[in-house]
Amino acid sequence: MRTLLAILSCDKDRPYAQVQRETCLKDAPIDYKFFLGCEAIEPDEVQLDCVDDYASLPFKTQRICEWALEQGYDY
């Protein structure tokens, strides 16, 4: 069984992502990825084919689910 902690993010929130990496995620017992609609820079980021705005959150969530299933995640 594979579990993914999918974190919706965007370019302007990258500083928050770095804080999360350095604190609560550094010892995470499950896989995690930050999902963005812009270019992925860090190894734990995934670039999705969607826009990084509030109105596009449903589409981003759908793309995350598709990505997770393609990668073999169960949850």
Side-chain angles (χ1 to χ4, degrees):
M1 177 178 73
R2 293 183 67 203
T3 303
L4 174 68
L5 174 59
I7 305 165
L8 286 100
S9 191
C10 63
D11 189 48
K12 73 175 184 69
D13 288 342
R14 279 200 161 114
Y16 299 114
Q18 188 57 38
V19 171
Q20 291 173 331
R21 288 182 187 101
E22 294 170 1
T23 58
C24 59
L25 293 176
K26 70 178 181 176
D27 298 320
I30 60 174
D31 294 346
Y32 71 89
K33 296 286 183 185
F34 292 93
F35 291 88
L36 305 106
C38 60
E39 181 181 1
I41 298 173
E42 299 293 332
D44 61 358
E45 295 177 345
V46 177
Q47 180 179 354
L48 300 172
D49 184 24
C50 62
V51 180
D52 259 346
D53 64 4
Y54 184 77
S56 299
L57 285 178
F59 303 109
K60 185 182 271 188
T61 302
Q62 183 178 17
R63 299 289 181 267
I64 290 170
C65 293
E66 292 168 355
W67 183 91
L69 287 172
E70 290 170 2
Q71 302 303 311
Y73 286 98
D74 301 300
Y75 297 96

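In this text the structure is predicted, and so the values were computed from the model without any measurement. Residue indices begin at 1 and follow the sequence shown.
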Pairing of Arg63 and Asp49 as salt bridge, 4.0 angstrom limit: no

N-O pairing of Arg14 and Glu42 below 4.0 Å: no

Nearest atoms (heavy-atom pairs only) where [X] meets [Y]:
{"X": "Ala6", "Y": "Ile64", "value": "CB-CG2, 3.6 Å"}
{"X": "Thr61", "Y": "Leu8", "value": "OG1-CD2, 3.8 Å"}
{"X": "Val51", "Y": "Lys60", "value": "O-CE, 4.3 Å"}

Gap separating the [atom1] atom of [X] from the [atom2] atom of [Y], nearest 0.5 angstrom:
{"X": "Leu36", "Y": "Asp13", "atom1": "CG", "atom2": "CG", "answer": "9.0 Å"}
{"X": "Ser9", "Y": "Glu45", "atom1": "OG", "atom2": "CD", "answer": "7.0 Å"}
{"X": "Cys10", "Y": "Tyr54", "atom1": "SG", "atom2": "OH", "answer": "13.0 Å"}
{"X": "Lys26", "Y": "Arg21", "atom1": "NZ", "atom2": "CZ", "answer": "14.5 Å"}

Joint cluster assignment, Leu57 & Val46, ILVMFWY side-chain distance < 4.5 Å: yes

side-chain contact (heavy atoms from CB on, under 4.5 Å) between Phe34 and Gln20, worked out: CA-CA 10 Å; Phe34 292 93; Gln20 291 173 331; 3.0 Å; yes

Validation row: [X], [Y] side chains within 4.5 angstrom (heavy atoms):
{"X": "Leu25", "Y": "Leu5", "answer": "yes"}
{"X": "Tyr73", "Y": "Asp31", "answer": "yes"}
{"X": "Glu39", "Y": "Asp11", "answer": "no"}

Asp74 (side chain) donor-acceptor with Arg2 (main chain) under 3.5 angstrom: yes

Side chain Asp53, main chain Ser56, donor-acceptor under 3.5 Å: yes

Aromatic ring pairing Phe35/Trp67, orientation class (parallel under 30°, perpendicular over 60°, tilted between): perpendicular

